[in-house]
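Structure first, commentary second.
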Amino acid sequence: MGSLRHRGIPGGPARDQEMTVYEPATTGTVVPTGELDLRRALTGLDGLLVMSMEMMQRHDVDEVSNVLKREVESVTGCQLVHVTFQRDREWITLPPGEPTKPAEPSPSTGERVFVQDNGDSWTSTTAVVVLNGAPGQLVLRSSARPDPEQLFVIERLGDLLGTALADAQVHERHRRRAHELDAANNEMARTVAALQHREGVLEEFARLSTTGTELDVATSLSRLTGSAVVLRDRFGHETTRITVAGRYQPVLERTSLAEVIGGRPELGTIELEVPPDKDRDDASFALRYAGVALWLLRAKAAAMNELENRLSRDLLDDLLGGLPADVAVDRASAQGHDLGVPHDLIVCAWSSERGHRGHDRDVDHLRMAMASQRLPCLVVRNRGLVVALAHRGVDMGRLFNDLSRAYGDTNGVIAKGEPANSPEQIPRAYEQAQRALRARQQSHNPYGFIAYADLGVDRLLALDGNAEEVERLIRDWLGDLLSYDRRHGTELVPTLAAYLDHGGKYADTSTTLTIHRNSLRYRIRRITEISGHDLNDVEAQLNLHLATRAWRLRRASVGEPLRNAVR
């Protein structure tokens, strides 16, 4: 293998060291380079020294790369192809887009330069070693084969470039650590400030939970967060609103936060409208502990309300069963309810076919619907019905609509008795309301609202004093049909009731019964044959209609799930 010894070159290899220039790795041959031209070598080293000093002053990898790209051709006579080196254990290639790690063969550190003929150009590859990193590569391109002086300078450039890049990485690492330290200090200062703020929030709401009011809690929350605060009761009614004076933000830019007070929906909710310039985490923290303070305040108030409600339920139960006027008035007065004015007695039954409805839910729905009419009332569940005794003037249509929204459907009925002008008349009004409810449930339109005064002839049929005569009416006109239905499991009596309710119209009746017209005609023919009554006779129609309505009223149980006329 041919080689050339270098003597007397300042800054170059030792006197006895050899520099070997290899042909491309594909050939594996070695070419002797001849003696170095000392003057040319010193000139190249002079430019290299200036270039290296400039790179060492940059202290930045990108700027070192810029110096290399700008000066490499004037110093080595070659163009930069790419330089590849390790930066924080990752391979970096400049300019980007070239190979991301050194290609084989990899030159030994600072000793060899690989030269390869590419046909129209030559490439020279030397090692670039960065501190604590694997050797990278500096690849240069020239139109002619580099002479020994160029190769000598290229070899030294690889060493100096590695040193400059290592220095730049050290400085970058120091700058990054200084930045991280500043960021950590700033974060610590923010954390200390946040902790101090939250400590103040805790102290504020801890004090208000024992000595304050709901208004005090809402006011403090608004002041601490710079946000509007809304308190709502268990029914969703707004009880308190605190706005931020002088602040206006479009609704779309606000962040709405809501907290169920104490995690118990029966205690209501607290809502916060956070402007975009406020910290949401701090707002959520303050909201949470404001909710705790309100929980303690409302839990205490709820305990008192529950005691009052229990007393009210007991009072209404006793009033429905019959309570002497003087005792009733005294007990109601002690609970803040005036029995000296006329009252409406309301009963409510909603369908349970779509799922079980709990006791409290039904009572709450009726109480909330009555509260919207601003009428003092007592509410209780009795005999499977939800009952309300309210000051006279209940709007039945509005009440039905409010309950329909609360339940999410219209599958219910509410009924009202005649006004009770004294406590002694309350049981009578209760019985009347039940009769009206039963009549509406058994009609062909079983959902809606009804008053006892609207019953018409059903009022006579439902009277207990007429029970014996009404039963005789049912036996005389429907006895044979009822016996036939019992023996054969048919539904001739319900079919007759629907037929008469619709005035003998086959289309409407078959739709209500969900049967074909031919089936309906067959049933009507059998009804005529079995009963012996002519359905075209006006008097027979009247008596049969009264008998079927009385049969439904007498057989219906108040508080049962609603059903259609056939069932």
Side-chain angles (χ1 to χ4, degrees), residues 1-55 64-65 67-85 93-94 98-99 102-130 135-165:
M1 180 181 298
S3 62
L4 179 66
R5 296 184 182 276
H6 307 283
R7 301 178 178 85
I9 302 178
R15 179 176 301 273
D16 295 331
Q17 188 179 17
E18 294 183 348
M19 182 182 74
T20 305
V21 180
Y22 288 90
E23 284 293 331
T26 55
T27 64
T29 59
V30 181
V31 179
T33 60
E35 293 293 337
L36 283 174
D37 186 329
L38 296 182
R39 181 173 298 178
R40 289 185 57 205
L42 289 175
T43 301
L45 289 176
D46 181 64
L48 182 61
L49 178 61
V50 174
M51 180 180 176
S52 65
M53 291 176 61
E54 188 173 358
M55 289 191 298
V64 169
S65 174
V67 173
L68 176 66
K69 288 189 292 184
R70 187 176 65 246
E71 304 293 342
V72 66
E73 187 170 1
S74 63
V75 172
T76 65
C78 301
Q79 296 177 343
L80 176 66
V81 176
H82 66 83
V83 57
T84 304
F85 60 95
T93 298
L94 298 174
E98 297 294 337
E104 295 296 339
S106 178
S108 302
T109 303
E111 293 183 354
R112 299 173 183 173
V113 179
F114 288 87
V115 180
Q116 186 171 2
D117 184 3
N118 298 318
D120 59 346
S121 63
W122 293 77
T123 56
S124 304
T125 302
T126 189
V128 175
V129 179
V130 180
Q137 291 179 343
L138 171 63
V139 181
L140 303 177
R141 180 186 295 113
S142 58
S143 58
R145 176 174 179 151
D147 56 28
E149 290 77 13
Q150 286 179 289
L151 296 177
F152 177 75
V153 172
I154 290 172
E155 182 183 8
R156 303 280 73 76
L157 176 59
D159 295 338
L160 294 173
L161 177 60
T163 303
L165 289 173

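Just so it is clear, the model here is predicted, and its values are computed rather than measured.
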Could you tell me if the side chain of [Y] sits less than 4.5 Å from the side chain of [X], heavy atoms only?
X: L138; Y: L68; answer: yes
X: D147; Y: Q150; answer: yes
X: L157; Y: V72; answer: yes
X: Q116; Y: T125; answer: no
X: V64; Y: L161; answer: yes
X: L80; Y: L140; answer: yes

With rounding to the nearest 0.5 Å, note down the distance linking [atom1] in [X] to [atom2] in [Y].
X: E73; Y: R141; atom1: CD; atom2: CZ; result: 11.5 Å
X: S121; Y: R145; atom1: OG; atom2: CZ; result: 13.5 Å
X: L151; Y: T76; atom1: CG; atom2: OG1; result: 10.0 Å
X: T163; Y: M55; atom1: OG1; atom2: CE; result: 8.5 Å

Looking only at non-hydrogen atoms, find the nearest pair between [X] and [Y] and report the distance.
X: W122; Y: P146; result: CB-CD, 4.2 Å
X: S52; Y: L49; result: OG-O, 2.8 Å
X: I154; Y: T126; result: O-CG2, 3.6 Å
X: V75; Y: G47; result: CG2-O, 3.7 Å
X: S124; Y: V115; result: OG-CG2, 4.2 Å

Full working for side-chain contact (heavy atoms from CB on, under 4.5 Å) between L94 and F85: CA-CA 9 Å; L94 298 174; F85 60 95; 4.0 Å; yes

